[in-house]
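Residue numbering restarts at 1 for every chain, and letters A, B, ... go by the order of the sequence lines. Keep in mind the model is a prediction, meaning the values are calculated, not measured.
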Protein chains: 2
Amino acid sequence: MTSDKLAECLRTNPVVVRRTMGLLREAGIVTSDRGHAGGWRIAVDLSTVTLRQLHSALGEPAFFAIGNRNETPECLVEQAVNAALDDTFIKAEALLLERFSEISLADLAADFSRRYAEHRKQGR
Amino acid sequence: MTSDKLAECLRTNPVVVRRTMGLLREAGIVTSDRGHAGGWRIAVDLSTVTLRQLHSALGEPAFFAIGNRNETPECLVEQAVNAALDDTFIKAEALLLERFSEISLADLAADFSRRYAEHRKQGR
DNA sequence: GTTTCATGTAACTTATGTAGTTACGATTCG
DNA sequence: CGAATCGTAACTACATAAGTTACATGAAAC
């Protein structure tokens, strides 16, 4: 599928698609071909790719919007708050990473297919 | 303590302090007095205020930086992803909220005091 | 009562990060 | 050759949070 087509599906811009897909290519998950009949192609079996791997391929973006701004603050109040919460943030992150590693793209594809079939049935 | 002094401690601006402290005042956690010898005062026993209450007073800002952008998306792919992850995000959030409700400002104050004493000992 | 010290708050400015856009070079196929 | 496509740099737009300015309001000091 071309960047243009993907951008249309995702309601965004082809260059944005290329930027993100480029990271997935670096991780070996997709390949790209230039020129006529080029575009993006999935390079691996969907059952072998987990959300954990995608998260990693995309640069491990932060899970949390709040919490630790500074790992080793000088401020003693900040230190006390970090000490009280760090363990829990680490546990919560582990929970999410664990779940991410359990979900493969094949799982999502299967669920999508189910939903799509349902959608078509309802649509009639 | 005045907004000016607090702003200095927090390395920020008095108006920013007033904005945030105003929310804490609405929640009954602090009071403010105008005029000479005015400023902010803690209104309750620190042992009765938990981080959960602060989080609530400050408008329950989002815990997560990623995840669900749309609770009920039309897109079937997005639906499949949400279905796969929602439970886990809810669990992770519950974990954080639970921990927040376990920690009182008195706990943090005590830990701060310990750190401060240590700091002064080291300082000599 | 005037002066000084505070908060309360509206309005504006600045900073930051993400996304979107334009432009064009490089590559591939027909 | 020419059309299609990615690669990428550079720029623009937008949203959000934080910072700033300005001034009104209120309270205590003297």
Roughly, in whole Å, what's the span from [atom1] in [X] to [atom2] in [N]?
X     : N      : atom1 : atom2 : value
A:R34 : D:dA3  : CZ    : C1'   : 16 Å
A:R25 : C:dT27 : CZ    : C1'   : 13 Å
B:W40 : C:dT7  : CH2   : P     : 7 Å
B:M1  : C:dC5  : CE    : P     : 18 Å
B:I66 : C:dT18 : CD1   : P     : 13 Å
A:D33 : D:dC6  : CG    : C1'   : 9 Å
A:L23 : D:dG7  : CG    : C1'   : 13 Å
A:M21 : D:dT8  : CE    : C1'   : 17 Å

In a check of side-chain contact (heavy atoms from CB on, under 4.5 Å) between A:E93 and each of A:L96, A:L97, A:I90, A:L95, which one passes? A:L97
Can you tell me which residue among A:V17, A:N13, A:T12 is in a side-chain contact (heavy atoms from CB on, under 4.5 Å) with A:V15? A:N13
Run the salt-bridge test on A:R52 and A:E60 with the 4.0 Å N-O cut-off and return the result as yes or no. yes
Picking from C:dT21, D:dG26, D:dT21, the nucleotide nearest the side-chain atoms of B:V15 would be D:dT21
Where the side chain of B:V16 is concerned, which of C:dG20, C:dC5, D:dA18 is the nearest nucleotide? D:dA18
Respond yes when some side-chain nitrogen or oxygen of [X] is under 4.0 Å from OP1 or OP2 of [N], and no when none is.
X     : N      : answer
A:T2  : D:dA4  : no
A:R18 : D:dG7  : no
A:N13 : C:dT21 : yes
A:S32 : D:dG7  : yes
A:T12 : C:dG20 : yes

Heavy atoms under 4.0 Å, any strand shown: does A:G38 hit a base, just sugar-phosphate, or nothing? sugar-phosphate
Please work out if B:R41 contacts a base, only the sugar-phosphate, or nothing of the nucleic acid, heavy-atom cut-off 4.0 Å. nothing
Counting only heavy atoms not in A:I42, do more than 12 sit closer than 6.0 Å to its CD1 atom? no
Counting only distance, no hydrogens or angles, is the base of D:dG19 paired donor-acceptor with the side chain of B:R19 under 3.5 Å? yes
Assign each of A:H36 and B:S3 the nucleotide of DNA chain C bearing its closest heavy atom; nearer the 5' end lies the nucleotide of B:S3
Toward the 5' end of DNA chain C, which comes first, A:A37 or B:G39, by nearest nucleotide? B:G39
Quick one: are the ring centres of A:F100 and A:F63 less than 6.0 Å apart? yes
